[in-house]
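Let me begin by presenting the structure, written as C-alpha cells, before commenting on it.
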There are 2 protein chains.
Amino acid sequence: MQTRPVEVTRGLREACMSCSLQELCLPRGLYGQDLERLDALVERQGPYHEGDHLFRIGDPFDSIYAVHAGSYKSYTVDSEGREHVLGFHLPGELLGLDAIYPGHHVCNALALDTATVCVLPYARLSSLASQISGLFTQIMRLMSKDIADTATLAGDFTAEERLAAFLVGLSQRFQLRGYSPKEFNLAMSRRDIANYLRLATETVSRVFARFEKEGLIAVDRRALHLLDLPRLRTRCESLGSR
Amino acid sequence: MQTRPVEVTRGLREACMSCSLQELCLPRGLYGQDLERLDALVERQGPYHEGDHLFRIGDPFDSIYAVHAGSYKSYTVDSEGREHVLGFHLPGELLGLDAIYPGHHVCNALALDTATVCVLPYARLSSLASQISGLFTQIMRLMSKDIADTATLAGDFTAEERLAAFLVGLSQRFQLRGYSPKEFNLAMSRRDIANYLRLATETVSRVFARFEKEGLIAVDRRALHLLDLPRLRTRCESLGSR
DNA sequence: CGTAGACTTGAGAGTCATCAACGTAAGTGG
DNA sequence: CCACTTACGTTGATGACTCTCAAGTCTACG
C-alpha cells in the first residue's frame, strides 16, 4: 500500500536539466538529448512532511527514488518490534535500490523534515538505460557506491570512533552539496543516530558531551558546529574507507 | 598490479551455457542467442589456491568476477593494519561490485581453497547490457541483493545471534547450490568468522561450544553439522531480513 | 502553563574483549 | 619415525566499554 496520495509536480519540464543536484544525481555525464529523455520520465513528488512515509516494507517496488530536497531515513523493524535505522539520505542520493531484487520494499523510508523526491519508474528507467549507455554506467556507479558505503559501518568500533566517523561523513556529504562542512543542522534525533550507529541514545549523548568538552565540536540540540575537523578525523582514522 | 598471471581456460565455449550455476549467476533469465552472447565474453580464470589473491586494494577495476568453484573472502585493511572481513563468496556470487564507482578495487579478495572465477570484463558487459535488456535487469537484481545483504549484519546483535544468523545463512546458501543444508565444511577459519561477525575468535569458539552443548550443532574443526536448524533459526529471528 | 517527548546525567550490571595458557593438527627436516 | 615448528583452536580469569535502569532537565507545542 503506497502510503498516501501525494501531489505530483510535473508541470515544468526540465526537472533534471535545471536541477542543482545534477552533479550528484543520476544525470551526471548525460547531455543534450539523453538528458532530455531521462528528464521525461522523472516525476517530482512531494512535499512530504516530517514523519510521512515514502514507502513501507512490503510495498510493491516499481520506482527508485532520488532525494531532491530535505532528508529521509530508511529503517527496518525486526520480529520483536525493534527499529533498525539503515541510513540517512540527503539530496542527490537514491532510495529503494534494495527493493529491485525481491520486487518489493524491504525497508521503510520516511521524511525527517519537509522533503521531496524525484521518482524514477524502474521499468522505464531500465529500458532507457538499454538505449543510453551513459545512463547504465551511472546507475551502476551509484549502486556500487551504495555497496561500498554500507560496508563502512560494519566494523567493531568504539562509540567515539563511530560517532566521529558519522559526523565527518555528514560533513563531507554537506560539503559536496554546497553547504558548510563545519556547521549544519542534524535532521535526525539522538535516538535515530544511536540506532544507526548501534549505540544507546545515552551513549551518543555522552560522547557528544565528551567531544564538546574536548573542544572538538559545539552542539546545541540539533545545531552542530565542527570546531576541529582535523582532530575529529584522527578519531576515526581506522574507518579509512570513506 | 594484478597479482599474478593465471591460466585462462577459454578453449571450450559454452562456459555459461553448460554451467551448473546458471540459476544463481548472471544468465538467469537469458536464453538462446542472448546467453550465447554473454557466454562469448566470459572467461574462466584459475584455479587459484588457498591464499592466492584474486585482486587487491588499488588494483584497477576492469572486470566483475563470478565465483565458479571454491570460495573467496573479501576484506580490507585499516590504517592501523587491522583486517576487516567484508564477506565470504560462494559459487554463483559476484565479486568486485564495489569497485565500479571508484574505478579501482577497494577491498582485497583471496581464495579460501582451490577456486575458480568467471571474468566479466566490465566495458564489454555494459555494452552488452544495453543490447540485452534482460542482462541489465539481472545485473541490477544482483547488485540490489548485495545492498540488502550487507545491511543485514549491521545490527547490534549478541554474539549468539550473530553466529546463529551466520550459520543459518550459510546453510541456505549451500542448499541453493544443491549441497546439504545441514552438513558442510567451513572454508574459513575461526579468526575469519570472528572478524566478519565483529567478535573475538575466543568468543566464536565459546559460542560454538555453547551451541554444541545445547545440541544445536555438532562441530569438529571445520566440519559442521546443524542438528537443530529450526531452533537455530529462533536464535536469530531478529535478523529476519534474510 | 502544563504536558509530552527529547535529551542529559548518574549508578550498577552484563556482555564481550583482552590476556594468558594450553591442546591439537599439519608440515618440516633430521 | 620422531622432535620441532607453526598455525589454529579451546578454555579460563580479569577488566572495560557500553547497555540498562532511573531520575532529572529542557524544549516545544497545544
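Atoms considered below: every heavy atom in the structure, side chains included; atoms not considered: hydrogens, waters and symmetry mates. First the proteins, then the strands, lettered A, B, ... as listed; each starts at 1. None of the values given here were measured: they were computed from a predicted structure.
- Across all strands, B:A200 comes closer than 4.0 Å to base atoms (heavy-atom distances).
- With hydrogens and angles left out, the side chain of A:E160 and the base of D:dC17 share no donor-acceptor pair within 3.5 Å.
- Proximity of B:T203 to the phosphate of C:dA17: a side-chain N or O atom is located under 4.0 Å from OP1 or OP2.
- Atom-to-atom, CZ of B:R191 to P of D:dT6 comes out at 17 Å; the value is rounded to the nearest Å.
- Annotation for A:Y179: atom OH does not count as buried by contact number, only 12 or fewer foreign heavy atoms lying within 6.0 Å.
- In this structure, A:T158 reaches the sugar-phosphate backbone alone: every heavy-atom distance under 4.0 Å involves primed, P, OP1 or OP2 atoms, never a base.
- The nearest whole Å value for the distance from the CG atom in B:L163 to the P atom in C:dT15 is 17 Å.
- Following rounding to the nearest Å, A:R206 (CZ) and D:dC21 (P) show an atom-to-atom distance of 14 Å.
- Here B:R177 pairs with B:E93 in a salt bridge; the nearest charged N to carboxylate O distance falls below 4.0 Å.
- The side chain of A:E202 has D:dT20 as its nearest neighbour among D:dG9, D:dT20, D:dT11.
- Closest to the side chain of A:R190, out of D:dT10, D:dT18, C:dC7, is C:dC7.
- Contacts with DNA chain C (heavy atom under 4.0 Å) in residues 207-222 of chain A: A:A209, A:R221, A:R222, listed by number.
- Inspection of the A:H84 and A:D78 side chains reveals an N or O donor paired with an N or O acceptor under 3.5 Å.
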